[in-house]
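If you read the sequence from its start, that first residue is 1, and numbering goes on from there.
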Amino acid sequence: MKKHVFIVGSKGIPAQYGGFETFVDQLTRRRVSEDIQYHVSCLAQESGEFEYQGVRCFNVKVPKIGSASAVLYDLLSLRECLRYIQQHQLQGCIVYILACRIGPFFYAYKRKLERLGVQVLVNPDGHEWKRGKWNWFIKQYWKYSERLMVKHADLLVCDSQGIEAYIQSDYERYQPKTTYIAYGADVSPSILTASDTELTEWFRRHEVRAGEYYVIIGRFVPENNYELMIREFMKSGTDKDLVLITGVEQNDYYVRLLAETRFDLDRRIKFVGTVYDTERLKKIRELAYGYCHGHEVGGTNPSLLESLASTNVNLLYDVVFNREVGGDHAFYFTAEAGSFAALVQKADELTEIQVAAFGRKAKQRVIDHYSWEHIVNQYENLFLKELLVYERHYIGGRKRNEVISFNENSL
């Protein structure tokens, strides 16, 4: 019997940008089993559905109501999943929800899906409730929402062993069922050459030389430790540039940091905007001397995986999530004064042979543990196995489904 897997929580495919969107795109693009039919919710201006790489994509129209739009999007997507499953009387269904946005409303939908024999899986993502962009009230909502979704999910699929350990520890009273499947990375080299016309124009425009820069790629938010890295880099004696690929338009954090550090007076600090061309970005990673990663808020970060696969020298903020990914094939810095500046100096002093060796080992680590082929295989095995066994019967005149066993060996 074909398994119907409904994926809720990404903005949809084809992926334009974003971790969850890339995950869904790769999961469906690289599908091997013909026994799985994917249904993917897509944030759109109009309702409707379409097919993309063998996937049934259904549009969900959501009014613009600020940060609450994401919550409403997930709820409307779940409602559409319910409608479609009931209308087509589907069996063997799984709903996979990405992120913990809808906790206060989750149980009501979970019960309805449960009555249809649908298994509900949740990816808890990272520590969203720690992000600096949220005010106190929103952080409290995120934490509360996470707790309720952990409590009621049939299975939590964690893309980081650190996140899985956190779920098991903080929510031990719920005895959550968890499994670990990492995020994936594309390990193929860029199809561009170093002499590509648009690439060389990009280097010329930003006055950057191949092999003579460190690069940072990611959202310009406090929890990614841009302030720490910029201040420390300005103290370092390196003659290499620090190239920051990030959007800073109308960013209060950027304005404050500029005023306090005056990094604009250091010719090495170069904000170059965003790069959405995948191949060009990959080539920029490959031609960098090193990659700097300051993310401290949970999960397996896509940008880190991509850099380990492409950049020889990787300088990572020392938290459990980054060590889990980088292992012994990266360098680590802390928030202690002088730590990052000293690490940049240490990286500068590596020989060409040492640089190449670090690059080979880092890429091999990604191939062995984080390649998309490996990740997709794990997900297909998960989806195709019976995780839960429901018994349908009547109690007090009402039809109910009860979970009577959980096949942990299938994980």
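- Residues V187 and Y370 are not in side-chain contact: their nearest non-hydrogen atoms beyond the backbone lie 4.5 Å or more apart.
- Between I284 and R280, some side-chain heavy-atom pair lies under the 4.5 Å cut-off.
- Side-chain atoms of S169 never come within 3.5 Å of backbone atoms of A165 as a donor-acceptor pair (strictly under, hydrogens ignored).
- Between Y226 and F233, the distance separating the two ring centers is not shorter than 6.0 angstrom.
- Here the side chains of F331 and V313 are in contact, with some heavy-atom distance below 4.5 Å.
- Taking 4.5 Å as the limit, some side-chain heavy atom of I97 sits within range of a side-chain heavy atom of L78.
- With sequence neighbours excluded, no residue forms a ring-ring contact (aromatic ring centres under 6.0 Å, His included) with Y109.
- Between the side chain of S303 and the main chain of I217, a donor-acceptor pair closer than 3.5 Å is present.
- Aromatic rings of F137 and W142 (six-membered ring for Trp) have centroids beyond the 6.0 Å cut-off, not under it.
- Side-chain atoms of K282 do not come within 3.5 Å of backbone N or O of L192 as any donor-acceptor pair.
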I'd like to know whether Q168 forms a side chain to side chain donor-acceptor pair (under 3.5 Å) with E164, so could you lay out the CA-CA distance, the side-chain angles of the two residues, the decisive distance to 0.1 Å, and finally the verdict. CA-CA 6 Å; Q168 288 290 347; E164 183 176 25; 5.2 Å; no
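- Contact annotation: the side chain of T238 approaches that of R268 to within less than 4.5 Å [non-hydrogen atoms, C-beta and beyond].
- Under the 30°/60° scheme for interplanar angles, the aromatic rings of H293 and H295 are found to lie parallel.
- Using a 4.5 Å cut-off on side-chain heavy atoms (C-beta onward), V243 and F203 make no contact.
- Between the side chains of S307 and R285, at least one donor-acceptor pair of N or O atoms lies under 3.5 Å.
- Among F58, Y84, F50, the single residue meeting the ring-ring contact (aromatic ring centres under 6.0 Å, His included) criterion with H39 is Y84.
- When each of I65, I102, L76 is checked for a side chain to side chain contact (heavy atoms under 4.5 Å, CB included) with V71, only I102 meets the rule.
- Between V150 and L156 there is a side-chain heavy-atom pair separated by less than 4.5 Å.
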With ring-ring contact (aromatic ring centres under 6.0 Å, His included) as the criterion, how do Y317 and Y332 come out once you've worked through the C-alpha distance, each side chain's angles and the decisive distance to 0.1 Å? CA-CA 6 Å; Y317 190 67; Y332 298 90; over 10 Å; no
